[in-house]
Amino acid sequence: MKIQERAGAGAGRSATPAQPSVGDRLPTPPRERKPALAALAVLLILVGALGATMLVLQAGDRIEVVKVKNEIQAGESVTDGDVTSVMVAEDTSINYVLWDQLDTLKTLKAKTTIYKDTVVQGQMFAKGNSLPAGKASVGLALKEGQYPADIKPGDVVAAYHVGGTVGGSNDSDDAGAGAGGSSSSGGALVDDARVNTVADDSDSTVSTGSRTLTLLVDQADAAALASAAAAGEVAIVHVPGN
């Protein structure tokens with residue numbers, strides 16, 4: 001009788017094992033520390049801060065210098081209209097002309113042609129009328145028809161000897177010589193010259209179409225060109241090279 005009661009009491013029990021209470025959970029293992037990653041993060045922060053500091057310092061080491069905005073021919077001086085200012089990084093190895101030295105620069109002459117957008121350096125200029133070695137500057141007073149209508153400083157031209165005295169009754173011949181270089185003489189005085197300056201005739205209140213040019217030529221050609229120019233027997237034409 002007692003055995004059956006015990007068996008009946010045991011049959012009423014659940015077969016599922018009892019769950020542990022909340023307070024009986026197993027402890028979690030401690031997190032693994034990674035000091036190398038932390039050190040790398042600190043290093044990256046320091047490098048970024050240093051880079052930003054260098055950029056600020058470099059931005060502060062800038063100077064205002066002279067830059068050419070209109071081409072300047074050999075032997076010419078700069079004017080206010082020829083130059084502008086630009087900021088560049090300071091470099092003691094480059095002989096920049098500072099913007100506050102512009103007045104001094106105006107008293108100097110270009111040694112060679114200085115092209116547009118060139119940042120000026122001191123060695124590009126010299127005192128006095130400094131021309132390239134073996135070159136001479138020759139002035140020409142020309143009438144309309146003796147030069148191309150669109151002639152300007154920097155152009156490469158040829159100078160031809162034309163027959164007859166310009167300004168007399170032979171104006172049509174002069175016009176023909178200016179257009180194509182044809183004349184009774186027709187000899188080339190200079191095959192390759194560069195125009196330094198071009199100026200209108202300012203002595204007359206009425207526009208006559210006259211132009212005063214200066215050409216940069218080889219010294220060997222200067223005498224013949226000057227002689228023909230004095231007689232008014234020169235015509236200028238454009239040639240390849242402009």
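Numbering of residues begins at 1 and proceeds along the displayed sequence. The structure presented is a predicted model; accordingly, all values stated were derived computationally and were not measured.
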Quiz item: Which is it for V156 and D192 under the side-chain contact (heavy atoms from CB on, under 4.5 Å) test, yes or no, and what are the steps along the way?
Solution: CA-CA 6 Å; V156 178; D192 186 357; 3.1 Å; yes
Rounded distance [0.5 Å steps], [atom1] in [X] versus [atom2] in [Y]:
X    : Y    : atom1 : atom2 : answer
L50  : I45  : CG    : CD1   : 14.0 Å
L108 : Q101 : CG    : CD    : 10.5 Å
L216 : R194 : CG    : CZ    : 8.5 Å
Y115 : Q73  : OH    : CD    : 7.5 Å
F125 : Q121 : CZ    : CD    : 11.0 Å
N196 : K135 : CG    : NZ    : 10.5 Å

Quiz item: Among the clusters formed by ILVMFWY side chains lying less than 4.5 Å apart, do V198 and V78 turn up in the same one?
Solution: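 Unlinked, V198 and V78 end up in two clusters.
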Practice problem: State plainly whether one hydrophobic cluster holds both Y96 and M124, where clusters connect Ile, Leu, Val, Met, Phe, Trp and Tyr through side-chain heavy atoms under 4.5 angstrom apart. | Solution: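 Different clusters.
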Report yes if the side chains of [X] and [Y] come closer than 4.5 Å at any heavy-atom pair, otherwise no.
X    : Y    : result
V237 : Y160 : yes
L213 : I236 : yes
L215 : L225 : yes
V88  : I63  : yes
V83  : L102 : yes
E64  : L98  : no
H238 : P148 : yes

Can you give me the closest heavy-atom contact between [X] and [Y], atom names plus distance?
X    : Y    : result
T197 : P153 : CA-CG, 4.4 Å
A229 : G139 : CB-O, 4.1 Å
V68  : I114 : CG2-CG2, 3.7 Å

Practice problem: Kindly give the cluster partners of V47, where membership spreads through any ILVMFWY side chain lying under 4.5 Å from a current member. | Solution: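 Hydrophobic cluster check, V47: joined to L43.
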So does [Y] get a backbone contact from the side chain of [X], meaning a donor-acceptor N/O pair under 3.5 Å?
X    : Y    : answer
D82  : I72  : no
T107 : T104 : yes
R211 : A199 : no
D218 : A220 : no

Exercise. Take V65 and V86 through the test side-chain contact (heavy atoms from CB on, under 4.5 Å) and record every step on the way to the result.
Key: CA-CA 6 Å; V65 300; V86 63; 3.6 Å; yes
Self-check item: T214 and S137: side chain donor to acceptor below 3.5 Å
Solution: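 There is no such pair (donor and acceptor under 3.5 Å, judged by atom type) between the side chains of T214 and S137.
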Practice problem: Check the side chains of E144 and Q146 for a donor-acceptor pair under 3.5 angstrom, ignoring hydrogens and angles. | Solution: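 No, no side-chain donor-acceptor pair sits under 3.5 Å.
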Quiz item: Counting only heavy atoms not in K116, do more than 12 sit closer than 6.0 Å to its NZ atom?
Solution: no
Quiz item: Can you list the steps and then say if D191 with V239 is a side-chain contact (heavy atoms from CB on, under 4.5 Å)?
Solution: CA-CA 8 Å; D191 292 322; V239 295; over 6 Å; no
Practice problem: Begin from the C-alpha positions of S77 and K106 and carry the test side-chain contact (heavy atoms from CB on, under 4.5 Å) through to its verdict. | Solution: CA-CA 6 Å; S77 298; K106 292 177 183 177; 5.7 Å; no
